[in-house]
2 protein chains.
Amino acid sequence: MSQTFDIAVVGATGTVGETLVQILEERDFPIANLHLLASSESAGHSVPFRGKNVRVREVDEFDFSKVQLVFFAAGPAVTLSFAPRATAAGCSLIDLSGALPAEQAPQVVPEANAQVLAGLKKPFQVSSPSASATTLAVVLAPLRELLDLQRVTLTASLAVSTQGREAVTELARQTAELLNVRPLEPRFFDRQMAFNLLAQVGTPDAQGHTLLEKRLVHELRAVLGQPALKISVTCVQAPVFFGDSFSVTLASARPVDLAAVNAALEAAEGIELVEAGDYPTPVGDAVGQDVVYVGRVRSGVDDPAELNLWLTSDNVRKGAALNAVQVAELLIKDLV
Amino acid sequence: MSQTFDIAVVGATGTVGETLVQILEERDFPIANLHLLASSESAGHSVPFRGKNVRVREVDEFDFSKVQLVFFAAGPAVTLSFAPRATAAGCSLIDLSGALPAEQAPQVVPEANAQVLAGLKKPFQVSSPSASATTLAVVLAPLRELLDLQRVTLTASLAVSTQGREAVTELARQTAELLNVRPLEPRFFDRQMAFNLLAQVGTPDAQGHTLLEKRLVHELRAVLGQPALKISVTCVQAPVFFGDSFSVTLASARPVDLAAVNAALEAAEGIELVEAGDYPTPVGDAVGQDVVYVGRVRSGVDDPAELNLWLTSDNVRKGAALNAVQVAELLIKDLV
């Protein structure tokens with residue numbers, strides 16, 4: 001019999017946590033016992049796993065020495081509270097909240113920098129980057145040498161599910177109110193989200209950058225191993241339920257060989273290249289899929305050293321939950 | 001009594017044409033007789049003007065010698081058919097279709113290059129650029145010298161009204177079907193537009209660029225008077241009814257003086273600068289307004305020679321109809 005592990009998922013009732021549990025089942029992750037954990041408000045709920053409803057318990061009362069690996073899929077405050085307790089109990093962890101510093105838990109996207117895992121000591125601590133950074137890293141990694149990548153300029157149009165289940169409900173509610181010509185009273189968002197674009201996701205700092213934008217820059221540089229890479233980023237909230245989209249302009253050190261770019265994208269793991277003339281959409285392609293869709297591959301209108309791409313991926317699945325599980329799959333052979 | 005003119009509007013029943021007639025009335029354009037024209041399918045409809053319903057007649061049968069100025073607010077084919085007849089009759093024209101070459105009818109955005117009008121001969125022929133180029137020109141013109149502008153990288157998220165009234169109806173219809181959990185059968189768009197982003201507006205050429213993207217590049221260069229300006233552009237169709245939005249990254253030849261940028265934008269005509277920390281949206285700010293809203297003014301995360309902006313404007317009104325009327329207001333003093 002092959003080896004199995006005891007695993008915990010913190011934040012099991014959130015959009016990412018629930019998808020993570022589903023992916024562990026789909027990919028037949030070698031689990032002996034699965035412990036689903038959440039804050040006291042969500043404890044008592046249950047989440048389906050292997051045909052049973054697994055009861056969600058309070059993370060506060062959990063003994064981390066019972067598991068070899070824990071996924072932190074709740075907010076940064078939860079990770080900061082419980083990560084020390086987990087590692088003290090000898091439990092390895094994969095954090096999806098962005099709470100831990102890179103020195104403690106390096107950012108890993110298996111398609112881009114799996115080699116980082118080889119240098120870690122037990123108990124392992126790994127960060128799974130933000131959905132945006134993960135999606136971009138999957139696509140830029142196979143291109144970075146080919147292009148001698150100088151600069152990334154991008155606009156990220158994020159799905160409302162990036163902000164959790166309440167945001168999804170709110171977009172549906174607002175849309176229904178408007179279609180029924182009822183007065184709109186924004187609740188989750190501070191203004192109309194339906195049929196609108198919100199150009200700022202979160203509160204900006206004194207320089208005007210949001211945490212999400214700064215996190216994307218730092219994580220993408222870390223995962224690509226290019227700490228000085230120039231990255232310009234705007235994160236926008238789009239009236240889309242699931243699936244983030246990215247309009248990306250890359251500056252190369254030399255004229256771009258489009259045939260080589262297409263070949264590299266075709267050959268890469270985790271990418272589905274859409275044929276020229278067509279393009280992928282979040283709803284029609286990305287949602288529920290394990291790959292990042294890439295389309296509109298083209299040079300600049302008259303700059304041959306420019307490469308433009310359109311990316312879309314399932315922010316909850318490919319951007320977050322699946323990446324964490326992929327990291328876990330690479331770690332398990334050394335877990336015990 | 002001050003002088004008045006006889007004016008014609010071709011395409012008077014379209015979204016832009018109707019708004020144009022409304023703006024002529026609002027701004028008290030000195031009109032003696034207004035002739036509303038359209039193709040034979042739309043002839044017979046009527047459009048309100050100064051408290052009366054003006055009957056729309058067939059452009060085919062119109063005698064252009066009856067007017068001193070005609071606006072072409074229909075498609076390029078209509079302009080190409082009737083512009084020669086208008087100018088042969090001594091009638092000046094303002095074209096909104098993009099059909100006429102720059103040598104014949106230069107692109108003009110009054111806030112950016114009104115001086116071009118002084119060089120024209122009668123009958124005048126002027127092009128009012130695409131809504132995207134107009135919006136961008138209004139904002140970039142007061143910045144071009146301050147920044148010594150080197151490169152513009154932008155993602156345009158276009159409202160469905162860019163594609164006319166049918167596209168507006170289709171977004172509403174698709175949204176209602178989805179909210180009522182009925183099967184979606186796309187009609188106007190070739191796929192789901194509701195709660196989705198379509199990364200390609202129109203058919204791309206062999207290099208992957210759409211006509212809209214190439215038109216934007218050429219028009220923006222022409223209006224800014226920078227024929228070699230590097231412009232990278234992606235036009236995306238967003239599930240928004242009215243109001244185009246632009247995520248813009250500008251490369252300057254030197255570190256950007258943000259205070260000077262803000263002062264220049266504050267002082268400029270046709271712009272409303274939204275205070276730092278807040279941001280404008282198409283629905284909440286731009287729709288129905290005569291200005292381009294600018295927000296999220298910031299440098300790069302760590303590139304001081306970069307300037308990022310978020311723009312939004314009413315594509316039908318500020319982007320198209322109003323710009324044409326503003327051009328007309330500058331031309332009329334020399335019309336007769």
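These numbers were taken from a predicted model, which means no experiment stands behind them. The chains referred to below are lettered A, B, ... by the order of the sequence lines, with proteins before strands, and numbering in each begins at 1.
Between Arg296(A) and Thr234(B) there is a side-chain heavy-atom pair separated by less than 4.5 Å. Counting only heavy atoms from C-beta outward, the side chains of Phe195(B) and Val160(A) never approach each other to under 4.5 Å. You'll find the side chain of Leu197(B) reaches within 4.5 Å of the side chain of Trp310(A), heavy atoms only. Side-chain contact between Leu179(B) and Leu179(A) is present, with heavy atoms from C-beta onward closer than 4.5 Å.
Across Gly277(A), Ala199(A), Ala238(A), the residue that shares the most heavy-atom pairs under 4.5 angstrom with chain B is Ala199(A). Chain B forms more heavy-atom pairs under 4.5 Å with one residue of Lys230(A), Gln192(A), Gln200(A) than with any other, namely Gln200(A). Of the residues considered (Gly243(A), Ser247(A), Gly284(A), Ala276(A)), Ser247(A) shows the highest number of contacts with chain B, using heavy-atom pairs under 4.5 Å. Of the listed residues (Val240(B), Val283(B), Val301(B)), the greatest number of heavy-atom pairs within a distance under 4.5 Å of chain A belongs to Val283(B). Chain A forms the most heavy-atom pairs under 4.5 Å with one residue out of Pro282(B), Ser157(B), Pro204(B), and that residue is Pro282(B).
Both the backbone and the side chain of Pro239(B) come within less than 4.5 Å of a heavy atom in chain A. If you measure heavy-atom distances from Val217(B) to chain A, the contacts under 4.5 Å come from the side chain alone. Only the side chain of Asp190(A) comes within contact range of chain B, with heavy atoms under 4.5 Å apart. Using a 4.5 Å cut-off between heavy atoms, Thr153(A) contacts chain B through its side chain alone, with no backbone atom that close.
Ion pairing between a basic and an acidic side chain is recognised when a charged N comes within 4.0 Å of a carboxylate O; Lys214(A) and Asp302(B) show no such pairing. Using a 4.0 Å cut-off between a side-chain N of Lys or Arg and a carboxylate O of Asp or Glu, Asp278(B) and Arg191(A) qualify as a salt bridge.
Between atom OH of residue Tyr279(B) and atom OG1 of residue Thr210(A) there is a gap of 11.0 Å, rounded to the nearest 0.5 Å. In this structure, Met193(B) CE and Thr281(A) OG1 are separated by 9.0 Å, a value rounded to the nearest 0.5 Å. Rounding to the nearest 0.5 Å gives a distance of 7.5 Å between CG of Asn196(B) and OG of Ser245(A). The line from NE2 of His209(A) to OG of Ser299(B) is 6.5 Å long, rounded to the nearest 0.5 Å.
Heavy atoms only, all atoms of each residue included: Gly208(B) and Arg298(A) are closest at O-CD, 3.3 Å.
In this model, no donor atom of one side chain and acceptor atom of the other lie less than 3.5 Å apart for Thr249(A) and Arg151(B).
Remark: Gln150(A) CD is packed, more than 12 non-hydrogen atoms of other residues, nucleotides or ligands lying under 6.0 Å away.
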